[in-house]
There are 2 protein chains.
Amino acid sequence: MNRGEEDYIKAIYEIESRQQSHDVISNLHLMQYFSHTAQTVNEMIKKLSKKKLVEYIPYKGSTLTEDGRNSAIRLTRVHRIWETFLVEKLGYSWEEVHDEAERLEHITTKKMEERLFIFLGEPETCPHGNKIPSVEYHKEIKEIKKNTLIDAIEKKEYRLESVVDDKEILTYLNHLDVKIGQLFSVSRIDPVNELIELSMNNQTIVIGYKVAKCLFVNAC
Amino acid sequence: MNRGEEDYIKAIYEIESRQQSHDVISNLHLMQYFSHTAQTVNEMIKKLSKKKLVEYIPYKGSTLTEDGRNSAIRLTRVHRIWETFLVEKLGYSWEEVHDEAERLEHITTKKMEERLFIFLGEPETCPHGNKIPSVEYHKEIKEIKKNTLIDAIEKKEYRLESVVDDKEILTYLNHLDVKIGQLFSVSRIDPVNELIELSMNNQTIVIGYKVAKCLFVNAC
DNA sequence: AATTAAATTAAGGTTAACCATAAAAAAAGG
DNA sequence: CCTTTTTTTATGGTTAACCTTAATTTAATT
């Protein structure tokens, strides 16, 4: 698999995760994701299909085969390991690491992956709080359903578990001095204006639904 | 500059260093170095020439321009920083790091280079004993002429300063348990058979001229 | 200086990853 | 079920990095 193929496999996996479902991913999704033309996406998907990395039903979309899924998970693992390295060892901040890790992941050998993981002390999550998949992906327990702030209930207490790896949102959270593990309570939900009011550290902050969908939380 | 261009620039720099002269590097050299055809080398060199990274005299060869040389030095710096990381932090052995560093160097940003260098404690040499060029290449003192074991004198004492980054030779030195800093004396030179006999740690080892040319030493 | 050998360049081909335009096929909606 | 919209595919184009074969130019040798 080369860079382009890897990018496509990972994109399908990521779009899937975002939707929190295993629906087929349409070519349209990929067009938007990469800003590639229909033609380009179609060619790429047919190539991946020939290689048995995706199963493609024309006019419907693609799903990852077991091979494809394993590759995607392994890329995600490597990506998150590198992100951890950049933050913990090189002092990057969490919104800076995505692009660097994106390039590193494609040139990482099995040996580097293993050594780096051990060097980092076998971390469980990346700097954004996302789980680093284990080496034995296939034995992995199915992903636990994740709750975003959108599903939160008024007056309850929550803990921030993870954040979507999006530069804008990460930078915004820096501003608010919010980190993984932050405790807060939902003081008010305003569905008309699509806002959620949180209180934490003796102050109140207001978050729009768009951002709320990117924050994964657990009641506590 | 993309991967291919960077590889060519670095190759010219390396061939130059090996020859310990600033002679022009012929296309033939590059053909052998990359196992590319004359045509391919010619096209690449003309491209680099158009970009003012090399100065090319047809039927003679190429020299690096100041821009080209700076790029090559910066790539060498990054390469050696990564080699140091792999050996010191990830426990690689010195003959395993070349190819990994080769891929890492092309995706390393200025920021990563800086952070990694500091993280490693601003090392002066790579695991093979070669100097890591400073960030300010242009202010760099001209390379000190290096002496190989070929130039050694019988009965004198030497210290191993650095080794050419060649897998076969590095593995061979592992066998002999020879490391950078090793002290030894030249017990006998046999120019007929092109051999040099060394004594170290109460034992005698015999080295051919081919290997001797790859070992840089200083009298002590 | 003429011949031979070596090195370069020209011409044209391949593959991979992208693109645009337009035709065709399928899905969706009234 | 027929029309509109969406999605796919066919056709053909571009650029980059490689290739081969053959012609040309320069360098080396006698």
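Protein chains get the first letters and strands the later ones, always in sequence-line order, with residue 1 at the start of each. Because only heavy atoms are used, hydrogens play no part in the values below, and waters and symmetry mates are left out as well, while side chains stay in. From a predicted model like this one, the values you see are computed outputs, not experimental measurements.
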Grab the NZ-C1' distance between B:Lys46 and C:dA10 for me, whole Å please.
8 Å
Answer yes when B:Glu102 and B:Lys10 have at least one side-chain N-carboxylate O distance shorter than 4.0 Å, and no when they do not.
yes
Any salt bridge between B:Glu6 and B:Arg3, counting N to O under 4.0 Å?
no
Parallel, tilted or perpendicular, judged at 30° and 60°: which one describes the rings of B:Trp82 and B:Phe85?
perpendicular
Given D:dT8, C:dA20, C:dA7, the nucleotide with the shortest approach to the side chain of B:Tyr59
C:dA7
Between the side chains of A:Arg69 and A:Glu16, is the shortest nitrogen-to-carboxylate-oxygen separation below 4.0 Å, so that they form an ion pair?
yes
To the nearest angstrom, the CD1-P distance between A:Ile25 and D:dT8 comes to 13 Å
Taking for each residue the nucleotide of DNA chain D bearing the nearest heavy atom, is the 5' side occupied by A:Ile57 or by B:Lys60?
A:Ile57
Can a side chain N or O of A:Tyr56 be found less than 4.0 Å away from OP1 or OP2 on D:dT8?
yes
Tested for ring pair (Phe, Tyr, Trp, His ring centres under 6.0 Å) against B:Tyr8, the lone hit among B:Tyr13, B:Tyr56, B:Phe34 is B:Phe34
Looking at A:Asn27, I'd like to know whether one of its side-chain N or O atoms comes within less than 4.0 Å of OP1 or OP2 on D:dT7.
no
Whole-Å distance between C:dA20 P and A:Met31 CE?
10 Å
Just how far, in rounded Å, is C1' of C:dA17 from CD of A:Gln39?
12 Å
Would you tabulate the nitrogen or oxygen pairs shorter than 3.5 Å linking the protein to nucleotides 15-17 of chain D?
residue	atom	partner	partner atom	Å
D:dA17	OP1	B:Asn2	OD1	3.4
D:dA17	OP1	B:Asn2	ND2	2.5
D:dA17	OP1	B:Lys47	NZ	3.4
D:dA17	OP2	B:Lys47	NZ	2.3

Take A:Thr76 and A:His79, measure what side-chain hydrogen bond (donor to acceptor under 3.5 Å, both in side chains) needs, and give me the verdict at the end.
CA-CA 5 Å; A:Thr76 303; A:His79 183 95; over 6 Å; no
Once you round it to whole Å, what is the distance between C1' of D:dA27 and CG of B:Leu28?
14 Å
Contact class for B:Tyr8 vs. all strands (heavy atom < 4.0 Å): base, sugar-phosphate, or nothing?
nothing
So how far is it from A:Ser62 OG to A:His29 NE2, rounded to the nearest 0.5 Å?
11.5 Å
Is the B:His128 ring parallel, tilted or perpendicular to the B:Trp94 ring (thresholds 30°, 60°)?
parallel
Distance in angstrom units between A:Phe34 CZ and C:dC19 C1', rounded
16 Å
Inter-end axis angle, the helix from C:dA1-D:dT30 to C:dG30-D:dC1, with every axis fitted to five base pairs (rounded, 10 degrees)
0°
pair A:Glu83-A:Asp165: side-chain heavy atoms closer than 4.5 Å:
yes
In whole angstrom, what separates A:Asn42's CG from D:dT6's P?
18 Å
